[in-house]
Engineer: 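Pasting in a structure now, in structure tokens, and then I'll have a few things to ask.
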Amino acid sequence: MSQNTAARRGRGRRPAAEVRAGVLAAAGHILLAEGLRAVTFDRVATEAGSSKMTLYKWWPSPGALAAEAYFTQSDRTLQFPDTGDLRTDLITQLSSFIRWLDEGAAKPVSELVGASQTDPDVAHSWSNSYALPRRELARVRLRTAQEQGQLRQDADLDIIVDQLWGACYHRLLVLKVPFDDTLAERLVDQALRGATPHTT
């Protein structure tokens with residue numbers, strides 16, 4: 001028995017929130033280091049020092065757990081800044097997302113998106129635990145800019161989100177081309193300024 005296991009047993013049952021956080025951290029670490037297939041209930045339970053039955057109770061499948069764990073791992077890295085300068089904030093956040101993919105998240109993201117096409121549990125968890133919350137963070141920042149007059153009142157915030165982050169997913173999943181250092185700035189400028197000539 002390890003010292004950590006003994007300590008956990010010695011202090012009694014851990015609060016559910018603490019157990020859940022430990023499981024998500026362990027699953028996220030395995031996912032980013034080794035990919036989706038490595039995330040199994042046996043492996044995660046061992047890494048987290050948790051009961052496998054607890055994992056079965058909280059998640060319908062290892063894939064669903066992996067999708068939620070991905071959000072937990074990416075949350076701090078992909079926080080949305082608000083400096084008052086919309087263009088700067090969009091470039092900063094989009095650059096963080098691209099760097100996150102380049103530094104190891106590209107493979108697990110591709111695997112999770114792929115799995116969500118055929119596994120309803122993964123699809124539900126990916127959408128509700130990651131995609132929709134991240135989308136709402138972007139909309140909140142864009143809505144603030146809209147209220148401050150930095151965007152037109154009739155600007156379609158959902159379309160702006162699709163233009164920016166959708167372009168990244170398209171390059172990652174469909175075109176399978178590398179990102180470059182200027183991509184975030186070019187995407188933001190195109191989304192904010194459009195492609196039609198400016199009239200005077």
Side-chain angles (χ1 to χ4, degrees), residues 1-80 93-138 165-166 168-179:
M1 181 186 302
S2 70
Q3 290 183 347
N4 288 341
T5 301
R8 284 196 295 269
R9 291 182 179 178
R11 69 180 185 181
R13 177 173 294 183
R14 291 180 292 165
E18 181 182 322
V19 174
R20 189 179 186 91
V23 169
L24 289 170
H29 175 75
I30 295 169
L31 175 69
L32 293 176
E34 302 178 40
L36 180 59
R37 288 189 177 184
V39 181
T40 66
F41 282 161
D42 281 333
R43 176 80 181 279
V44 174
T46 299
E47 293 284 335
S50 179
S51 163
K52 188 168 66 173
M53 292 307 298
T54 298
L55 275 63
Y56 277 107
K57 181 174 67 175
W58 285 342
W59 291 279
S61 69
L65 166 59
E68 185 174 343
Y70 173 76
F71 175 79
T72 302
Q73 288 292 308
S74 65
D75 186 40
R76 182 173 299 178
T77 301
L78 301 183
Q79 284 294 322
F80 221 110
Q93 208 286 336
L94 204 60
S95 296
S96 295
F97 178 60
I98 291 170
R99 187 164 53 251
W100 171 253
L101 293 175
D102 278 340
E103 293 177 353
K107 177 183 176 182
V109 167
S110 299
E111 292 174 337
L112 285 166
V113 172
S116 70
Q117 307 310 301
T118 57
D119 186 329
D121 291 330
V122 176
H124 178 80
S125 185
W126 174 260
S127 178
N128 288 276
S129 297
Y130 176 74
L132 291 177
R134 298 288 334 163
R135 185 181 186 85
E136 182 58 21
L137 283 175
W165 287 270
C168 295
Y169 282 109
H170 184 68
R171 286 176 178 242
L172 174 69
L173 301 171
V174 179
L175 300 178
K176 299 186 183 300
V177 296
F179 300 106

Engineer: Please report the shortest heavy-atom distance between Ser125 and Ala64, naming the atom on each side.
Structural biologist: OG-O, 2.8 Å

Engineer: For Val39 versus Ala66, what's the shortest heavy-atom pair and its separation?
Structural biologist: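 That would be CG1-CB, 4.1 Å.
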
Engineer: What pairs with Lys107 under side-chain hydrogen bond (donor to acceptor under 3.5 Å, both in side chains), at least two apart in sequence or on another chain?
Structural biologist: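 Partners of Lys107 under the side-chain hydrogen bond (donor to acceptor under 3.5 Å, both in side chains) test: none.
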
Engineer: Roughly how far, to the nearest 0.5 Å, is CZ of Arg171 from NZ of Lys176?
Structural biologist: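 Answer rounded to 0.5 Å: 14.5 Å.
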
Engineer: If you compare all heavy atoms of Ala67 against all heavy atoms of Trp126, which two are closest, and at what distance to 0.1 Å?
Structural biologist: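 Answer, listing the atom of Ala67 first, then Trp126: CB-N, 3.7 Å.
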
Engineer: Apply side chain to side chain contact (heavy atoms under 4.5 Å, CB included) to Pro108 and list each qualifying residue two or more places apart in sequence or on a separate chain.
Structural biologist: Leu31, Leu32

Engineer: Can you find a pair of side-chain heavy atoms, one from Leu101 and one from Val109, that are under 4.5 Å apart?
Structural biologist: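 Leu101 reaches Val109 side chain to side chain.
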
Engineer: In Å, rounded to the nearest 0.5 Å, how long is the span from CG of Leu78 to CZ of Arg99?
Structural biologist: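 Output value for this atom pair is 9.5 Å.
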
Engineer: Is a donor on one side and an acceptor on the other found under 3.5 Å between the side chain of Thr46 and the backbone of Asp42?
Structural biologist: yes

Engineer: Drop me the distance from Tyr130's OH to Thr72's OG1, to the nearest 0.5 angstrom.
Structural biologist: 12.0 Å

Engineer: Sequence neighbours excluded, which residues qualify as side-chain hydrogen bond (donor to acceptor under 3.5 Å, both in side chains) partners of Trp59?
Structural biologist: Glu68

Engineer: Restricting to non-hydrogen atoms, name the atom on Leu55 and the atom on Ser50 that form the minimum distance, rounded to 0.1 Å.
Structural biologist: CD1-OG, 3.9 Å

Engineer: Output the distance between atom OG1 (Thr54) and atom NZ (Lys57), rounded to the nearest 0.5 Å.
Structural biologist: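 It comes to 5.0 Å.
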
Engineer: Check the side chains of Trp100 and Gln73 for a donor-acceptor pair under 3.5 angstrom, ignoring hydrogens and angles.
Structural biologist: no

Engineer: What pair of heavy atoms forms the shortest contact from Ser116 to Ala123, and how long is it?
Structural biologist: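 It is O-CB, 3.3 Å.
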
Engineer: Under the side chain to side chain contact (heavy atoms under 4.5 Å, CB included) test, which residues partner Glu136, sequence neighbours left out?
Structural biologist: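 For Glu136 the side chain to side chain contact (heavy atoms under 4.5 Å, CB included) partners, ignoring immediate neighbours, are Arg139, Val140, Arg143.
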
Engineer: Under the side-chain contact (heavy atoms from CB on, under 4.5 Å) rule, what do Tyr70 and Leu36 come out as? Steps first, then yes or no, please.
Structural biologist: CA-CA 10 Å; Tyr70 173 76; Leu36 180 59; over 6 Å; no

Engineer: How would you list, by chain and number, every residue that makes a side chain to side chain contact (heavy atoms under 4.5 Å, CB included) with Arg43, sequence neighbours excluded?
Structural biologist: Ile30, Glu34, Ala38, Thr40, Glu47

Engineer: Establish, for the pair Arg20 and Trp58, whether the NZ or CZ atom is under 6.0 angstrom from the six-membered ring centre and no further than 45 degrees off its axis.
Structural biologist: yes

Engineer: Rounded to the nearest 0.5 Å, what's the gap from CD on Glu103 to CD1 on Ile98? Could you check?
Structural biologist: 12.0 Å

Engineer: Are the aromatic rings of Phe97 and Phe80 close, with centres under 6.0 Å apart?
Structural biologist: no

Engineer: For His170, check side-chain hydrogen bond (donor to acceptor under 3.5 Å, both in side chains) against everything at least two apart and list the hits.
Structural biologist: none

Engineer: Locate the shortest heavy-atom distance separating Ser129 from Phe71; write the atom from each residue and the value.
Structural biologist: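 For Ser129 versus Phe71, the nearest heavy atoms are O-CG, 3.0 Å.
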
